[in-house]
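Input: a single structure, listed below in structure tokens.
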Amino acid sequence: MNPVFHNSATMKTKQDKNAKIYPSEKVRVTGAEAIMLSLINEGVDTIFGYPGGAIMPAYDALMNYSDKLKHILTRHEQGAIHAAEGYARVTGRVGVCMATSGPGATNLITGITNAMMDSTPLVCITGQVAAGLLGTDAFQETDVIGITMPVTKWNFLITKPEEIPSIMAQAFYIAKTGRPGPVVIDVAKNAQFGMLDYEYHKCKKMRSYAPEPRISLDNLKAASSLINKAKRPYILAGQGILLGNAEQEFLDFVEKSGVPVGWTILGSCALPKDHPQNIGMLGMHGNYSANILTNECDVLIAVGMRFDDRVTGDLNRYAKQAKIIHLEIDKAEINKIVKVDVPLLGDVKYTLPLLTKLIEKRSHAKWINRFKELDKIEYEKVIKRDFFPDKPGLTMGEVIHRINEKTQGDAIIVTDVGQHQMFASRYAKLNSTRSFVTSGGLGTMGFGLPAAHGAKIGKPEKQVILFVGDGGFQMTIQELSTINQTRAAVKIVLLNNKYLGMVRQWQQLFFDKRYSETYLLNPDFIKVAEGFGIKGKKVIERPMLDAAIQEMLDYEGPYLLEVSIEKEDNVFPMVPTGASVSEIILEQQK
């Protein structure tokens with residue numbers, strides 16, 4: 001029997017101060033339609049996805065709600081989930097993607113893992129074979145729940161239509177509360193066809209799930225005492241500040257404390273880059289002063305960050321002289337990597353104001369000047385060479401610098417993974433929150449292009465600029481077709497050095513220039529883009545650069561600017577693997 005879908009135009013609606021529940025009265029619908037109604041009730045306006053047999057009932061139901069739910073048809077499921085990540089990162093909302101069973105679902109795994117590592121809120125809806133076929137190795141049957149369990153915050157297999165409203169409500173609640181993350185809802189085909197009496201109640205709590213831990217007043221007092229007595233305190237800002245929507249609370253804390261602030265890659269928008277207490281990026285390719293002085297501070301205040309190995313370097317020589325305070329919402333991160341003296345569990349939206357009230361207003365000008373002295377060394381040895389190279393070939397740093405001059409930090413910057421990612425992280429001007437999107441924890445090549453598309457869909461009023469290398473670009477290059485179909489005005493800056501640049505740099509520095517399998521014989525990217533209906537231009541000489549950048553920024557639709565880059569354009573500073581952060585090097589060792 002063919003399912004009968006309810007005409008959404010006939011359903012009564014109501015609206016209260018909190019949310020619109022759609023419809024307002026219990027109605028008889030199919031499970032597939034219940035999925036769409038649940039998405040609408042959660043405020044979803046965009047789905048990224050790719051149809052197939054097991055999810056076909058849901059796609060059929062989607063047609064009844066095209067006025068409320070926009071669907072972006074990507075060219076690969078990996079493109080769908082990365083686009084949903086980009087959308088979520090710039091909007092602060094839950095990203096949604098949809099795929100079929102079997103290979104459709106497994107093609108999402110990289111993106112799900114990426115979202116889990118970077119705490120990105122997603123709801124991924126996958127189709128599954130009918131419940132009666134589970135365990136029979138039916139066509140395109142895969143144990144999606146078993147496969148995704150290690151890389152999701154929560155997942156659930158729906159086998160009955162009446163389960164859909166409550167499970168969808170729980171999925172969104174879990175994805176966006178506490179430390180955000182991806183949730184997978186696998187829906188058997190019979191549950192999509194089956195009928196139910198639909199009504200929706202948003203989830204507000206769940207048994208055994210406490211997304212916001214209780215705040216310890218004793219620990220707040222202990223933390224404030226350490227900060228008030230500190231002579232060389234240092235703040236490490238992570239993405240938790242952005243995820244908690246606590247940018248203003250963080251700014252208040254920073255300015256009252258007078259403490260210098262270093263930031264992780266994902267925490268780069270937590271504080272305006274031109275703020276006088278912002279001293280730069282932490283980690284392997286971070287700023288010279290930001291790394292070296294980690295081992296000279298007396299109190300280290302980590303806010304919404306997890307002490308990733310790329311930030312700490314050799315743990316046996318990381319900030320051993322400092323008392324460490326850790327503000328964190330996820331209890332599992334406390335003492336997981338670095339032993340802390342005062343843990344401050346809780347949402348930084350609430351813990352930061354409480355801490356700010358207890359600290360004294362201070363100035364640490366002399367301590368901040370230590371950072372500025374080291375910054376001068378880095379400028380002369382690294383930044384000056386990157387921005388104003390004394391060699392004929394173009395560098396990634398100067399391209400990013402020129403784009404900064406034209407955008408003045410008002411664009412959303414998206415990157416793929418590699419050398420260009422480090423250059424962009426270091427040099428991109430960022431004036432507003434949620435304006436930098438990159439793959440942090442997993443380092444996923446191919447992330448950039450679809451993520452930039454999702455970011456532009458989420459923030460159509462903003463200029464979205466993608467920096468991508470020739471390696472990562474080809475991993476999801478088919479998403480140019482998706483961008484062409486939506487005509488989303490993504491500006492793609494392809495920094496082409498004909499190599500897998502970051503791997504080649506390591507081979508140059510640590511493997512005696514044995515460039516094993518890193519050279520790329522690339523296609524004519526401009527012709528490829530034109531084949532996808534996207535305008536492009538290639539720059540090979542410095543005098544062409546400024547005019548080409550301006551043409552790209554002025555163009556109303558999507559645009560590919562390919563820039564030929566010096567092969568041995570390496571990223572410095574650099575903390576070698578296994579080294580201490582205080583052993584950061586500024587140039588290639590002879």
Side-chain angles (χ1 to χ4, degrees), residues 88-89 91-94 117-121 153 174-181 209-228 230 233-272 275 277-278 282 299-308 311 323-338 340-359 430 432-436 440-441:
R89 294 272 288 274
T91 64
R93 302 169 66 185
V94 177
M117 292 284 281
D118 288 351
S119 302
T120 304
K153 191 175 176 185
I174 291 171
K176 65 188 178 184
T177 54
R179 181 179 182 175
Y209 174 58
E212 294 183 12
R214 184 172 296 175
I215 299 169
S216 168
L217 296 180
D218 289 340
N219 286 7
L220 279 167
K221 292 176 182 176
S224 65
S225 177
L226 285 176
I227 295 168
N228 289 336
Y234 187 12
I235 296 170
L236 310 185
Q239 188 189 202
I241 297 162
L242 283 72
L243 296 175
N245 298 307
E247 294 89 339
Q248 184 59 52
E249 290 80 2
F250 182 64
L251 180 64
D252 294 342
F253 172 70
V254 167
E255 294 189 337
K256 186 176 181 182
S257 70
V259 177
V261 180
W263 38 269
T264 67
I265 287 178
L266 296 183
S268 60
C269 300
L271 188 71
H275 193 281
Q277 288 166 244
N278 189 329
L282 304 162
V299 173
L300 196 64
I301 309 157
V303 185
M305 55 87 72
R306 58 187 181 85
F307 292 107
D308 179 81
V311 166
K323 296 290 185 181
I324 299 178
I325 302 165
H326 193 180
L327 285 78
E328 174 60 50
I329 199 168
D330 185 355
K331 186 177 181 180
E333 293 296 342
I334 300 292
N335 295 321
K336 185 176 84 173
I337 297 172
V338 173
V340 303
D341 296 278
V342 182
L344 280 180
L345 272 172
D347 188 334
V348 292
K349 182 81 171 176
Y350 306 112
T351 54
L352 276 171
L354 293 172
L355 186 58
T356 302
K357 286 181 181 179
L358 295 174
I359 63 173
L430 304 169
S432 56
T433 186
R434 296 188 178 276
S435 58
F436 189 72

What are the two closest heavy atoms between [X] and [Y], and how far apart are they?
X: Ser432; Y: Ser435; result: O-OG, 2.5 Å
X: Asn278; Y: Pro272; result: ND2-O, 3.1 Å
X: Val340; Y: Asn335; result: N-OD1, 2.8 Å
X: Ala88; Y: Thr120; result: CB-CG2, 3.8 Å
X: Ala175; Y: Pro121; result: O-CB, 3.3 Å
X: Ser119; Y: Arg179; result: OG-NE, 3.0 Å

[X] side chain to [Y] backbone, donor-acceptor under 3.5 Å:
X: Asn219; Y: Pro343; value: yes
X: Arg434; Y: Leu242; value: yes
X: Asp118; Y: Gly440; value: yes
X: Glu328; Y: Arg306; value: no
X: Asp252; Y: Thr356; value: no
X: Lys349; Y: Ala246; value: no
X: His326; Y: Met305; value: yes
X: Lys256; Y: Ile359; value: yes

4.5 Å side-chain heavy-atom contact, [X] and [Y]:
X: Gln239; Y: Arg89; result: yes
X: Phe436; Y: Ile265; result: yes
X: Leu355; Y: Ile227; result: yes
X: Tyr234; Y: Val299; result: no
X: Leu344; Y: Ser216; result: no
X: Val348; Y: Ile329; result: no
X: Leu300; Y: Ile325; result: no
X: Met117; Y: Leu266; result: no

| task | Evaluate side chain to side chain contact (heavy atoms under 4.5 Å, CB included) for Trp263 paired with Ile235, printing each intermediate quantity in order. | result | CA-CA 8 Å; Trp263 38 269; Ile235 296 170; over 6 Å; no
| said: For Asp308 and Thr264: C-alpha separation, side-chain torsions, deciding distance, then whether side chain to side chain contact (heavy atoms under 4.5 Å, CB included) applies. | reply: CA-CA 9 Å; Asp308 179 81; Thr264 67; over 6 Å; no
| task | Please list, chain by chain and in numerical order, all residues satisfying side-chain contact (heavy atoms from CB on, under 4.5 Å) with Tyr350, sequence neighbours excluded. | result |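 Glu212, Ile215, Asp347.
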| message | Can you see whether His275 engages Glu255 through a side-chain donor-acceptor pair at a distance of less than 3.5 angstrom? | response |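 Glu255 and His275 do have a side-chain donor-acceptor pair below 3.5 Å.
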With rounding to the nearest 0.5 Å, note down the distance linking [atom1] in [X] to [atom2] in [Y].
X: Lys323; Y: Ile301; atom1: NZ; atom2: CD1; result: 14.0 Å
X: Phe250; Y: Thr433; atom1: CZ; atom2: OG1; result: 11.5 Å
X: Lys357; Y: Ser224; atom1: NZ; atom2: OG; result: 13.0 Å
X: Leu352; Y: Glu247; atom1: CG; atom2: CD; result: 11.0 Å

| side chain to side chain contact (heavy atoms under 4.5 Å, CB included) with Val303: which of Leu236, Ile241, Val261? |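 Of all the options given, the one that passes is Ile241.
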| query | Would you say Lys153 has more than 12 foreign heavy atoms packed within less than 6.0 Å of its NZ? | reply |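 Counting other residues, nucleotides and ligands, NZ of Lys153 exceeds 12 neighbours.
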| request: Take atom NZ of Lys221 as the centre, draw a 6.0 Å sphere, and report whether it contains more than 12 heavy atoms from other residues, nucleotides or ligands. | output: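 It does not: Lys221 NZ has 12 such atoms or fewer within range.
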